[in-house]
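These notes are about the structure you will find just below.
Just so you know, these numbers use all the heavy atoms, side chains as well, and skip hydrogens, waters and symmetry mates. Numbers here are sequence positions counted from 1.
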Amino acid sequence: MTGVFRRRVFLRQVEPKRRYDVVIIGGGVNGLSLAYNLAARHGICDVAVFEAGYIGAGASGRNTQVVRANYNTPENVPLYKASLGIWRTLSQELDFNIQFSTQGELDLCHTTDSLEVERDKSLLNQAYGVQTDVVTPEEIAHINPLIDLTAGGSFPVLGASYHPPGSTARHDSVVWGYASAATRLDVHVHEGRGVTGIRVDGDGCTGIETDAGPISAGAVVSAAAGWTSIVAGMAGLKLPISTHPLQAFVTEPYRHLLDGLVSSMDLYVYISQTARGELLVGAEILPYNTYSTRSTFDFLSEAAKRSIQILPFMARARALRQWAGLCDMTPDSSPILGETEVPRFFLMAGMGTWGFKGSPIFGRTMAELVATGRTPELIAPFAPDRFERDRMVPDAASAGTH
Ligand SMILES: Cc1cc2nc3c(=O)[nH]c(=O)nc-3n(C[C@H](O)[C@H](O)[C@H](O)COP(=O)(O)OP(=O)(O)OC[C@H]3O[C@@H](n4cnc5c(N)ncnc54)[C@H](O)[C@@H]3O)c2cc1C
């Protein structure tokens with residue numbers, strides 16, 4: 001780190017060139033992680049990120065910052081375990097304080113069914129070297145005495161899984177950390193430059209269309225998350241992705257009182273406290289499709305009610321701000337990472353409710369694929385053609401969508 005002062009970072013404004021080796025569509029955490037990894041690990045610096053709005057304008061600047069590896073399938077656990085490994089030293093790697101903090105995660109179960117799911121998860125996690133333990137109500141009271149084990153008297157907690165590596169990182173710092181590290185390596189980040197078309201000829205993808213004219217590219221990667229279906233449609237592809245809104249709210253800031261993340265597997269709510277002291281509350285995705293990011297009073301009142309059921313002190317907290325973001329959900333609740341049937345057009349998509357925690361490993365592995373043409377073993381199960389090959393990686397329980 002340079003000195004004790006926060007470094008002031010500005011993105012260099014440059015006119016887009018007429019050609020790049022790699023063009024990335026979308027300036028969220030995944031597009032920027034890919035850009036950084038291409039330049040830092042493979043020496044591919046002739047890279048441009050085209051962002052329709054501002055960097056972090058999508059879900060990357062709106063998420064609830066949870067980073068964890070306690071997933072439910074043999075494909076997902078090693079993937080998020082590898083990501084967690086990168087998170088731990090990402091501030092040093094990017095030379096930017098991303099405010100990574102490990103405080104543990106408690107997933108409360110109020111039914112025998114959810115406790116069974118957590119037991120299976122714990123065994124699978126342990127088999128892959130990820131610490132997730134099933135704990136009793138007495139142990140929960142010891143880990144976090146603030147939890148009401150009766151959930152308001154109506155929904156007693158039967159047990160929980162406890163994941164000590166559960167962490168958070170400041171979302172906009174991660175976006176800016178990747179963007180500034182990539183631009184130091186001469187990557188171009190173009191804000192306010194929407195991609196309006198994808199150029200495809202008989203041999204595959206040859207570039208993009210923008211309001212500044214056509215730009216040719218050796219490879220094009222869509223990292224447009226909630227807008228993936230629209231972008232893929234520009235290349236003539238129809239994907240099994242649907243876009244859903246996900247909401248969150250924060251309270252006014254209070255002194256630090258909540259350690260770690262507390263979630264309820266049956267009430268579909270999760271709570272943490274930010275470094276600023278706000279209580280940050282998230283819930284499940286809404287069932288309908290929309291591109292609107294309007295937040296609703298129904299969400300606020302319902303999520304607040306469920307939070308108070310498990311953490312009664314929250315009844316005295318004052319809600320400060322609420323918002324919504326878009327999630328690109330896949331049929332199996334797992335990401336899509338790989339080259340499409342259009343040669344040299346790649347997808348870093350299906351980011352759903354998990355794309356923040358995965359971004360370090362998604363960027364690293366996709367950079368290897370784009371740079372070398374070889375698919376890293378970790379992401380082989382997440383190829384775009386897995387749906388037609390009937391090789392899905394079903395993990396709705398981890399995504400909070402069941
Ligand atoms: C409320 C909420 C809570 C969440 N909580 C968590 C969490 O705790 N942990 C977790 O792991 N994940 C969480 N997620 C999911 C996570 O935030 C996303 O999966 C992740 O941020 C996706 O990042 P991205 O870079 O792929 O996409 P985004 O950040 O959405 O970026 C896509 C970008 O593409 C741009 N774009 C779209 N179309 C075009 C175009 N035609 N041309 C150029 N640019 C375009 C958009 O402007 C946008 O900036 C949450 C999401 C929400 C909404």
Side-chain angles (χ1 to χ4, degrees), residues 22 24-26 30-31 33-34 37 69 71-83 117 120-121 124-125 127-128 198 200-206 219-244 285 289 327-355 357-359 361-402:
V22 182
I24 299 166
I25 306 170
N30 281 294
S33 169
L34 171 62
N37 278 285
Y71 272 66
N72 282 281
T73 72
E75 297 85 359
N76 273 321
V77 179
L79 186 68
Y80 293 102
K81 180 186 175 190
S83 211
V117 172
D120 289 350
K121 176 166 96 181
L124 181 76
N125 287 191
Y128 284 94
I198 295 184
V200 178
D201 68 15
D203 291 331
C205 183
T206 60
V220 174
V221 184
S222 171
W227 299 268
T228 296
S229 303
I230 299 172
V231 171
M234 295 175 190
L237 297 176
K238 195 163 170 6
L239 302 176
I241 282 182
S242 54
T243 292
H244 295 257
I285 58 163
N289 303 130
C327 294
D328 46 333
M329 302 302 296
T330 50
D332 57 1
S333 302
S334 288
I336 300 179
L337 301 164
E339 191 170 9
T340 67
E341 65 201 68
V342 176
R344 296 180 300 287
F345 179 58
F346 296 81
L347 286 178
M348 213 179 168
M351 292 297 156
T353 59
W354 48 87
K357 66 180 73 64
S359 55
I361 195 67
F362 297 166
R364 192 177 284 191
T365 48
M366 283 296 291
E368 187 179 337
L369 171 60
V370 173
T372 67
R374 289 188 300 274
T375 303
E377 211 178 306
L378 268 181
I379 59 167
F382 303 100
D385 66 354
R386 71 175 182 272
F387 304 100
E388 61 199 56
R389 287 188 293 111
D390 199 14
R391 286 286 177 274
M392 296 219 260
V393 186
D395 204 352
S398 299
T401 55
H402 56 315

Has [X] got a side-chain atom pairing as donor or acceptor with [Y]'s backbone, closer than 3.5 angstrom?
{"X": "N289", "Y": "H244", "value": "no"}
{"X": "D395", "Y": "Y71", "value": "no"}
{"X": "S33", "Y": "S359", "value": "yes"}
{"X": "T228", "Y": "A349", "value": "no"}
{"X": "R391", "Y": "A383", "value": "no"}

Looking only at non-hydrogen atoms, find the nearest pair between [X] and [Y] and report the distance.
{"X": "V117", "Y": "A397", "result": "CG1-CB, 4.3 Å"}
{"X": "A82", "Y": "L378", "result": "CB-CD1, 3.8 Å"}
{"X": "Y80", "Y": "G358", "result": "CE2-CA, 3.9 Å"}
{"X": "V220", "Y": "C205", "result": "CG2-SG, 3.6 Å"}
{"X": "S334", "Y": "N76", "result": "OG-ND2, 3.2 Å"}
{"X": "M351", "Y": "N30", "result": "SD-ND2, 3.5 Å"}

Roughly how far apart are [X] [atom1] and [Y] [atom2], rounded to 0.5 Å?
{"X": "L237", "Y": "F345", "atom1": "CG", "atom2": "CZ", "value": "6.0 Å"}
{"X": "K81", "Y": "N125", "atom1": "NZ", "atom2": "CG", "value": "10.0 Å"}
{"X": "I24", "Y": "M366", "atom1": "CD1", "atom2": "CE", "value": "9.5 Å"}
{"X": "W354", "Y": "L79", "atom1": "CH2", "atom2": "CG", "value": "12.0 Å"}
{"X": "I230", "Y": "I241", "atom1": "CD1", "atom2": "CD1", "value": "11.5 Å"}
{"X": "R344", "Y": "E339", "atom1": "CZ", "atom2": "CD", "value": "8.0 Å"}

Less than 4.5 Å apart, side chain to side chain, heavy atoms only: is that true for [X] and [Y]?
{"X": "R386", "Y": "I336", "value": "yes"}
{"X": "L369", "Y": "R374", "value": "no"}
{"X": "W227", "Y": "T243", "value": "no"}
{"X": "I379", "Y": "E368", "value": "no"}

Matching residue for L347 among V231, L337, L239 - test: side chain to side chain contact (heavy atoms under 4.5 Å, CB included): L239
Residues, nucleotides or ligands: over 12 heavy atoms within 6.0 Å of R389 CZ: yes
Under 3.5 Å side-chain donor-acceptor pair for N72 and S398: yes
